[in-house]
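Shown next, in structure tokens, is the structure this report addresses.
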Amino acid sequence: MAEVKEFTLPDLGEGLTEAEVVRWLVEVGEVVAVDQPVVEVETAKAMVEVPCPYGGVVTARYGAEGEELAVGAPLLTVAVGADASAPAAAEGSGSGGADGVVAEADGADAAEDGGAGETSGAVLVGYGTGAPPARRRRVRPTPVPAAAAGQVNGVASGYGRHAVTPEVPVRAEAAEPAPGPVPVISPLVRRLARQNGVELRTLTGSGPDGLILRADVERAIGAAGAPAATAEPSAAAASAPAGDAGEVRIPLRGLRGVVADKMSRSRREIPEATCWVDVDATELLAARRAMNAAGGPDAPKISLLALLARICTAALARYPELNARVDTEAREIVRLERVHVGFAAQTDRGLVVPVVRDAHARSAESLSEELGRLTGAARDGSLTPGELTGSTFTLNNYGVFGVDGSTPIINHPEAAMLGVGRIVPKPWVYEGELAVRQVTQLSLTFDHRVCDGGVAGGFLRYVADCVEQPAVLLRGV
């Protein structure tokens, strides 16, 4: 007999408790392989394709597209075993939006090769069948006898309220969306379409290679006579008091909610202090130009942020007190041997902090390459939860916003963050004479529990010396 196994929504990253179903990648009645992606979900931090740990026939899906599921909630069920294909038609009646979904076998009837002892490989993937693994199958909706439907409802519908249990059979001739991925990158475009009932597969994108842009969705909304929605229109309207027409309420959920919770916790738990210094960055800019010129026109360019990250890793080697966190329950300071540098990146989805792993072991060229890759992934929303967690020190280049200084909130549970302001020409005393130099302001916000002002000042002064005289780094090479 086939065994029905339940696959729940796994923990997709640090601090994440829920995810929104964006797109199902499999249908009820379809054969899936072990570790095959079955659903695309959007967390507060990234878009993620979730692989299924079981191989067999999908018997139920939980949660419609656009619905939020909590971590640990049922995601789907899979019939695993030699007879998996036989109950597929019946078990499909309890979920997936269709009564009686049966798999179409490749060149044979699924019911004929579903018995025990068969080794055709037409149903199961990687479970001891003798023939090659079955290919993924399209499904066709067919009516199912009431008895079979009742039998399966006892299996599939008992897993919780997320199960989709249709009351009316879906006709076989019902139109299906075109197969294949939807050419959309931005999660905001997906959300706008969902909120206004726009089917993205019916749109022709005006972007590169047919990419669907926000303007394309707004045109479709306008053509249907519906007003374009903003980030969270329905929730905002529902939560606004009826008598206060001038008030707009925006729910703190998704990425904004995660950021709010983390910042509030940082302010509550960390007694932070900030020190800053103005720095002549002229020599650092000249060193960067020389490095890029020496590499040739085809060599990867080294970014300024990569040089600053390399300076920070050298400073943390001298002042390890700042590469730490505080265990409040044990009342201990935990110093960390490895340096994972996070850098603040503003995206369409909000503020995210991608992480460069083992930054202390990377060269400036390697840091530049990884920073570029992570920045691109942050912009298109494809960062994985693993690329957004685990940083031990954060570099915040707020100078890109045209500001000189800041007192940022520490990225909990880290102990320090270095901020870099804009680099602008200013009058500066250089070698005893007044000159115009490229000047920036560096600020260090630190957890006063892990060190005192002397350590923080020493760290910041070393970073400033390396910016003003990059040759200082050579002492540690």
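These figures come from a predicted structure and were not determined experimentally.
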Please check if the side chain of [X] supplies one atom and the backbone of [Y] the other of a donor-acceptor pair under 3.5 Å.
X: Asn323; Y: Arg338; result: yes
X: Glu369; Y: Pro300; result: no
X: Glu65; Y: Trp24; result: yes
X: Ser368; Y: Ala364; result: no
X: Arg61; Y: Val26; result: yes

Intermediate values then yes/no, side-chain contact (heavy atoms from CB on, under 4.5 Å), Val58 and Val38: CA-CA 10 Å; Val58 177; Val38 293; 5.6 Å; no

Listed partners of [X] passing salt bridge (Lys or Arg N to Asp or Glu O under 4.0 Å), at least two apart:
X: Asp261; answer: none
X: Arg357; answer: none
X: Glu269; answer: Arg265

Residue list, ring-ring contact (aromatic ring centres under 6.0 Å, His included) with Phe343, at least two apart or on another chain: none

Nearest atoms (heavy-atom pairs only) where [X] meets [Y]:
X: Gly205; Y: Asp216; result: CA-OD2, 3.5 Å
X: Ser266; Y: Ile410; result: OG-O, 2.8 Å
X: Ala306; Y: Ile302; result: CB-CG2, 4.4 Å
X: Thr59; Y: Ala79; result: CG2-CB, 3.6 Å
X: Ser391; Y: Gly342; result: CB-N, 3.8 Å
X: Val352; Y: Leu383; result: CG2-CD1, 4.4 Å

Tell me every residue that passes side-chain contact (heavy atoms from CB on, under 4.5 Å) with Thr8, counting only those two or more places apart in sequence or in another chain. Glu6

Starting at [atom1] of [X], measure out to [atom2] of [Y] and round the result to the nearest 0.5 Å.
X: Leu213; Y: Glu218; atom1: CG; atom2: CD; result: 10.5 Å
X: Leu336; Y: Leu316; atom1: CG; atom2: CG; result: 10.5 Å
X: His360; Y: His340; atom1: NE2; atom2: NE2; result: 7.5 Å
X: Arg23; Y: Glu49; atom1: CZ; atom2: CD; result: 7.0 Å
X: Glu370; Y: Glu365; atom1: CD; atom2: CD; result: 13.5 Å
X: Thr392; Y: Glu337; atom1: OG1; atom2: CD; result: 12.0 Å

With heavy-atom distances below 4.5 Å as the criterion, would you say the side chains of [X] and [Y] are in contact?
X: Tyr62; Y: Thr77; result: yes
X: Leu418; Y: Phe393; result: yes
X: Val217; Y: Asn196; result: no
X: Val41; Y: Val22; result: no
X: Thr394; Y: Val353; result: yes
X: Ser406; Y: Phe401; result: no
X: Val341; Y: Cys312; result: no
X: Asn411; Y: Lys262; result: yes

Would you indicate whether Arg362, at its atom CZ, is surrounded by more than 12 heavy atoms from other residues, nucleotides or ligands within a distance under 6.0 Å? yes

Does anything in residues 386-411 form a salt bridge (charged side-chain N to carboxylate O under 4.0 Å, His left out)? List the pairs, not counting sequence neighbours. Arg373-Glu387, Asp404-Arg422

Does a donor on one side chain and an acceptor on the other come within less than 3.5 Å for Ser264 and Arg267? no

Does the side-chain contact (heavy atoms from CB on, under 4.5 Å) test come out yes or no for Gln346 and Val400, once each step is laid out? CA-CA 10 Å; Gln346 191 71 38; Val400 297; over 6 Å; no

Sole residue of Thr407, Asn396, Leu322 in side-chain contact (heavy atoms from CB on, under 4.5 Å) with Met417: Asn396

